[in-house]
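Numbers for residues simply follow the sequence, beginning at 1. When a ligand or atom number is given, it counts from 1 through the structure's own listing order.
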Amino acid sequence: MRILVLSDLHANATAFAAALDSAEGRWDVSVCLGDVVGYGPDPHDVVAMLRKLGTQTIRGNHDKAVAGLMDTTDFNPVAKAAVDWTRSQLNAEDLAWLSALPHGPLATDGIVLVHGAFQDEDEYVFTPAQALDGLLDSSAEVTFFGHTHHQGGFSYQDSNLEVLQIRPRTSESFSALRIEEPRRYLLNPGSIGQPRDGDPRAGFAIADLEHQTVEFWRAPYDISAVQGRMRAASLPEPLVQRLIVGR
Ligand code: ZN
């Protein structure tokens, strides 16, 4: 079974559609690590697309904020403005769906899903030290996390923690990682809607544990079309600008 792993879609329907085009015919089930909405111009459309796909989805901090399940006083003003605008674009059914999303860790299809850190859905995992707790605590050989919007990850065996360099080059659509038992893996598929690892293409992963591979994909999309919709919605300019640089 091949699992399409999505994360941090951030209301970017054009990036999501491009990712689905690239992945077409290559997956059987889909999962999402949260932050379906927030920042981007298409919150209703992205919720509708995910629901249509039947994607097993856990919540991210932006989903919680938009659904009113989280205090946003900690959000920076730009993120807060996006949360308020996003809420105004969603209907009651969208909001009810967001509110009902389960939190991670969630075990499904032989993998574990978390939004941020294994122990705290709102914490970022950037460093090996931050990754180690999750690698030790997760029940699965392969755990997927999001939140940082950086495609990549970590593996661990016998006190040896490795930072994985697995992003495809600009000229490539994907790069494949071989899963080697009994190593454990904490992997980030990258962000669909707002990459921050220097590659502006939409990031996602396809996991095939029966064949012991995880592919890390990047799909180019029409960034200027998304920027046009963001400006038309008066979303904060820093959010518009960052899409083109992928930071
Ligand atoms: Zn996010």
Side-chain angles (χ1 to χ4, degrees), residues 5-16 19 30-43 45-47 49-50 55-67 69-72 74-87 89-90 94 97-98 101-106 113-118 120-126 130-131 134 143-153 167 186-205 216 218-219 221 223 226 230 235-236 238-243 245-247:
V5 187
L6 309 165
S7 191
D8 296 280
L9 292 93
H10 284 291
N12 186 335
T14 306
F16 189 12
S30 56
V31 299
C32 173
L33 311 174
D35 280 3
V36 175
V37 298
Y39 296 141
D42 318 304
D45 289 352
V46 170
V47 168
M49 288 163 78
L50 264 189
T55 304
Q56 171 69 260
T57 303
I58 60 169
R59 69 187 189 186
N61 49 312
H62 283 263
D63 306 320
K64 276 198 291 183
V66 168
L69 298 173
M70 174 184 194
D71 185 17
T72 52
D74 275 358
F75 275 52
N76 66 55
V78 164
K80 176 79 168 70
V83 165
D84 293 340
W85 180 84
T86 300
R87 195 177 289 142
Q89 300 299 305
L90 294 171
D94 297 332
W97 182 82
L98 282 175
L101 289 176
H103 61 77
L106 180 77
L113 317 178
V114 298
H115 180 65
F118 190 84
D120 182 344
E121 60 187 348
D122 300 331
E123 275 297 313
Y124 290 92
V125 175
F126 280 114
Q130 292 164 332
T143 299
F144 281 97
F145 72 106
H147 198 36
T148 62
H149 302 202
H150 284 230
Q151 194 173 49
R167 278 162 39 198
L186 187 62
L187 303 176
N188 190 321
S191 167
I192 294 280
Q194 194 202 72
R196 297 177 192 162
D197 53 11
D199 184 340
R201 297 177 294 171
F204 62 97
F216 291 83
R218 298 307 279 243
Y221 70 95
I223 293 174
V226 179
M230 292 175 80
L235 282 160
L239 297 177
V240 179
Q241 296 286 345
R242 68 188 308 177
L243 291 183
V245 286
R247 291 277 180 206

Test item: Phe16 and Leu6 side chains (from C-beta on) under 4.5 Å apart, heavy atoms: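 With C-beta onward as the side chain, the pair touches.
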Restricting to N/O/S atoms, is His149 within less than 2.8 Å of the Zn ion (ligand 1) or not? yes
The Zn ion (ligand 1) to nearest N/O/S of His62 less than 2.8 Å: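 For His62, the answer is no, given that no N, O or S atom comes within less than 2.8 Å of the Zn ion (ligand 1).
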side-chain hydrogen bond (donor to acceptor under 3.5 Å, both in side chains) with Arg59: which of His103, His115, Glu121? Glu121
Proximal heteroatom of Asp35 relative to the Zn ion (ligand 1) (N/O/S): OD2
Taking the N/O/S atoms of Asp8 one by one, which is nearest to the Zn ion (ligand 1)? OD1
How are the rings of His62 and His10 set relative to one another: parallel (under 30°), tilted (30 to 60°) or perpendicular (over 60°)? perpendicular
Under 3.5 Å donor-acceptor, Asp8 side chain and Ile192 backbone: no
